[in-house]
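Reading through the structure tokens given below for one structure.
First the proteins, then the strands, lettered A, B, ... as listed; each starts at 1.
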Protein chains: 2
Amino acid sequence: MNPTSKKQPHEGIVLPAGKQKLIDAALRLAARDGMSLSSVGLREMAREAGLNHNTFYRHFQRPEELLQAAADEVAAQIMAGMKEVRRRAARHADATVGAVEYFLDFVQANPQIFVVFARELNCIASPIRAVLLGVLNGIADESVEQINARNLVPLKDPELLFQVSLDITNYLFARSLDLIDRPKERKQLAAQLVAHIRRQFLGAIASR
Amino acid sequence: MNPTSKKQPHEGIVLPAGKQKLIDAALRLAARDGMSLSSVGLREMAREAGLNHNTFYRHFQRPEELLQAAADEVAAQIMAGMKEVRRRAARHADATVGAVEYFLDFVQANPQIFVVFARELNCIASPIRAVLLGVLNGIADESVEQINARNLVPLKDPELLFQVSLDITNYLFARSLDLIDRPKERKQLAAQLVAHIRRQFLGAIASR
DNA sequence: TGTACATCAGTGAACGCGCGTTCACTGATGTAC
DNA sequence: TGTACATCAGTGAACGCGCGTTCACTGATGTAC
């Protein structure tokens, strides 16, 4: 097995090089305006990947399988990126400011992932939506863990803390599009996000 | 002019019957899974509207014009619906509970409008996104007006009040998809929305 | 009042094109003996 | 060690189909005189 012919995207899962190329191409094309994963054509995707259109059938039996694989790829990249955001934020003097800044770095380094994420999240009743909702829940879970471990918020009700963390996670992902749309206004956006997060926790504390 | 051949959708603007049929068909089709306004085909749309595919060219020069008209239709229906929500909420004993309940009624009466709204809101750099962001801003504006008129929230900072109202509006629209997805869980969702709104205002008050 | 003409929504046939899918093939790598 | 075979990613031609678009036409309504 030639090691350069494979790509190791995350968590040690190694996909055939062509399969990975097709998934990457699908994500690149789905991030374009007015597109979604399911509206990307098979031939277009193969063209973008630099492969013959029939190579698709070597890796996927039906187009639907590509959707699932792409959703998993998005989920894995988001989870890995957010883990790094949390790791760096932990070393920052202000946990909230750090989390927001490193999150925005992550968004700007991988805009297309966030664009696709936001789009597919709104596909009702789709299995992709379920995967992405699971990702948001996972991120909220891990945020709660970090908050508890470092005693960042004086909130005893674990359910309320989780709900607030989930709301904040949703908010950050929704507003990531504003950063991609108008990167020049990053500073104002960062201030808004920090203020929003502070308000959320203050409100949760006050509501008890 | 035959009055039954025309439809009066909103604000007294009367569109030719065929044009309105095409817009309605486009919205119906765009609300399906994995679809968006721009991915609806011209022939499919005409078929759905019960018209010849060429009739499209009688009303729109290019497909892009239909997108704009559909976005305007969505905007008008949302604005009108929210006005009604606010009017009914004002008569309710608890303004927050009333607003949430009547909002959820509105969502369930017009699910496809909310599905399309959520999807098109995430189309970066599209003129449709600008229209829909304007709608959200307008709704937040009018909420602020109502809050001030009835002295519902003790918040002096008008900018902060607007930001919180906008965040809440965004939250309501984002979570409208959960109601469409799982209508049986409406009661829990309503409780979550009310709690979220209360937390937001409490947090804003506490942050001053 | 009637007649002629312009306007306009809607129709149906025809076009070229890119799509998804199938088929038969290639060439490299791994495996059995 | 060499030889034969299986596996598998990738290729290229061909198919039928629905798409967007153009064209010439119809039939109803409104308008000028």
*Across all strands, who's sitting opposite C:dT29 as a Watson-Crick or G-U wobble pair, both distances under 3.5 Å?*
D:dA6
*To the nearest angstrom, how far is A:His59 atom NE2 from D:dT7 atom P?*
18 Å
*Any chance you could lay out the side chain to side chain contact (heavy atoms under 4.5 Å, CB included) test for A:Glu120 and A:Leu67, step after step, and finish with the verdict?*
CA-CA 10 Å; A:Glu120 303 299 325; A:Leu67 293 192; over 6 Å; no
*Look through every strand shown and name the nucleotide pairing with D:dT1 as Watson-Crick or G-U wobble, where both distances are under 3.5 Å.*
none
*Measure from CG on A:Leu51 to C1' on D:dG12 and round the result to the nearest Å.*
14 Å
_Under 3.5 Å side-chain donor-acceptor pair for A:Gln192 and A:His196_ = no
*For C:dC15, which nucleotide is its Watson-Crick or G-U wobble mate, given both distances must be under 3.5 Å?*
D:dG20
*Please determine, by modelled atom types, if B:Gln112 and B:Arg32 share a side-chain donor-acceptor pair under 3.5 angstrom.*
no
*For nucleotides 13-23 of chain C, read 5' to 3', which letter fits each nucleotide if B means a protein heavy atom sits under 4.0 Å from the base, S means only the sugar-phosphate is that close, and - means neither?*
BB----BBBBB
*asked:* Side chains of A:Gln68 and A:Glu64 only: does a donor on one sit below 3.5 Å from an acceptor on the other?
replied: no
*asked:* Quick one, A:Lys21 with A:Glu48, criterion side chain to side chain contact (heavy atoms under 4.5 Å, CB included). Give me CA distance, side-chain angles, the key distance, then yes/no.
replied: CA-CA 9 Å; A:Lys21 275 186 194 168; A:Glu48 172 79 14; over 6 Å; no
_Expected output: side-chain A:Asn110 to main-chain A:Ile113 donor-acceptor under 3.5 Å_ = no
